[in-house]
Amino acid sequence: MDAALTAFLTQRPTPEIAAALLGKQLQLTTATGQLTAWITETEAYLGAQDAGAHAFKNHQTTRNSALWQPAGTIYIYQMRTQFLLNIVTQAAGVPECVLIRGIEPDRGLAQMQQNRSVPLQNLTTGPGKLMQALGLDKTLNNTPLTVATLNLALTPVRQPRHIVAGPRVGILNKGDWTTVPLRYYVAGNPFVSQSKKRDQDQQNHGWQPSTISGGNDNL
DNA sequence: AGGGTGATGTCCT
DNA sequence: GGACATCACCCTT
């Protein structure tokens with residue numbers, strides 16, 4: 001694992017990591033070229049103490065064993081018919097992670113639309129949708145980033161103008177953990193799940209304009 | 001708003 | 001071995 005990436009994913013609490021991931025880039029190498037996308041929405045899951053997390057009470061199973069691996073390990077699990085992408089944070093043995101819930105396509109948009117044939121505004125606005133667009137299943141589960149065809153790049157980066165924190169999606173009847181604001185998204189970005197059109201910034205997608213320069217030949 | 005999908009884990013018989 | 005819940009999405013009303 002790349003030293004800078006390990007530092008990024010271990011040297012502060014997981015909620016801060018989840019917020020800092022907004023504007024970082026996912027990069028997937030495929031047979032037909034590279035797919036890249038900016039992270040727009042995340043959720044933090046805080047391990048054994050977190051009633052909303054798979055690692056609650058430190059219960060390790062076949063499905064969630066990746067959570068106990070070192071920072072930067074990919075954790076992918078299946079929910080109904082969908083696959084969901086998480087990145088493990090903190091030292092090995094600490095089962096915390098960040099769920100990737102939204103991405104803004106950058107390079108390889110045509111390939112993503114071929115993988116998932118829906119209008120652009122519905123392409124990557126949710127954790128299952130973005131995995132369809134990337135063409136990923138559970139194959140990369142329990143694999144380290146950078147070793148896998150999927151990588152997390154710390155540069156280039158886009159800077160959110162404003163980050164919104166709120167309750168996580170789909171966490172019900174979990175006491176205080178139901179409402180704790182561990183979901184983060186780029187305010188005004190159209191590639192955020194459940195975002196309303198009137199709240200979207202169609203000009204800059206919620207990014208600092210000075211950080212948008214070049215690179216994006218699709219949107 | 002509501003139902004179908006259908007992998008995986010947990011709690012029960 | 002079965003009933004039930006789950007970090008979604010799609011389609012129909």
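Any value given below was found using the heavy atoms of this structure, including those in side chains, with hydrogens, waters and symmetry copies removed.
Separating the CZ atom of A:Arg168 from the P atom of C:dC7 is a distance of 9 Å, rounded to the nearest angstrom. In this structure, A:Gln132 atom CD and B:dT5 atom C1' are separated by 13 Å, rounded to whole Å. Rounded to a whole Å, the NZ atom of A:Lys57 is 12 Å from the C1' atom of B:dC11. The nearest whole Å value for the distance from the CZ atom in A:Phe83 to the C1' atom in C:dT6 is 16 Å. For the pair A:Asn141 CG and B:dT8 C1', the interatomic distance rounds to 13 Å; values are reported in whole Å. Distance OH (A:Tyr75) to C1' (C:dC7): 9 Å, rounded to an integer number of Å. Taking atom CD on A:Glu41 and atom P on C:dA8, their separation rounds to 10 Å, with Å as the unit. The CG-P distance, from A:Asn122 to C:dA8, rounds to 15 Å in whole Å.
Stacking between A:Tyr77 and B:dT8 is absent: the ring centroid is not both under 5.5 Å from the six-membered base ring centre and under 30° in plane angle.
For the P atom pair drawn from B:dG3 and C:dA5, the interatomic distance equals 14 Å after rounding to whole Å. Of the C1' atoms belonging to B:dA1 and C:dC7, the separation is 22 Å, rounded to the nearest Å.
Heavy-atom nearest nucleotides on DNA chain C were determined for A:Pro127 and for A:Leu172, and the one closer to the 5' end corresponds to A:Leu172. Nearest-nucleotide mapping onto DNA chain C: of A:Gly126 and A:Lys174, the residue sitting toward the 5' end is A:Lys174.
Contact annotation: A:Arg63 does not reach the phosphate of B:dT10 (side-chain N/O to OP1 or OP2, under 4.0 Å). Checking the phosphate oxygens (OP1, OP2) of B:dG9, no side-chain nitrogen or oxygen of A:His54 falls inside 4.0 Å. In this model, the phosphate group of C:dC9 is not approached by any side-chain N or O of A:Arg116 to a distance below 4.0 Å at OP1 or OP2. Side-chain N/O atoms of A:Lys138 include one lying less than 4.0 angstrom from OP1 or OP2 on B:dT8. The shortest distance between the side-chain N/O atoms of A:Thr61 and the OP1/OP2 oxygens of B:dG9 is below 4.0 Å.
Judged by distance alone, the side chains of A:Gln34 and A:Arg107 do bring a donor and an acceptor atom under 3.5 Å apart. Side chains of A:Gln200 and A:Asn189: no donor on one and acceptor on the other come within 3.5 Å. Between the side chains of A:Gln90 and A:Thr14, at least one donor-acceptor pair of N or O atoms lies under 3.5 Å.
For A:Lys129, counting side-chain heavy atoms from C-beta on, the closest listed nucleotide (B:dG9, C:dC10, C:dC7) is C:dC10.
Geometrically, A:Arg168 engages A:Tyr45 in a cation-pi contact, judged by NZ or CZ lying under 6.0 Å from the ring centre and within 45° of the ring axis.
Base engagement by A:Gly52 is indicated by at least one non-hydrogen atom pair under 4.0 Å involving a base atom. Counting non-hydrogen atoms under 4.0 angstrom, A:Arg183 reaches nothing in the nucleic acid. Within 4.0 Å (heavy atoms only), A:Ser193 reaches no atom of the nucleic acid at all.
Residue-environment remark: CZ (A:Arg116) exceeds the threshold of 12 foreign heavy atoms within 6.0 Å.
Under the side-chain contact (heavy atoms from CB on, under 4.5 Å) test applied with A:Met131, the options A:Ile76, A:Leu84, A:Ile103, A:Asn115 reduce to a single match, A:Ile76.
Remark: C:dC7 base-pairs with no nucleotide; criterion is Watson-Crick or G-U wobble with both hydrogen-bond distances under 3.5 Å.
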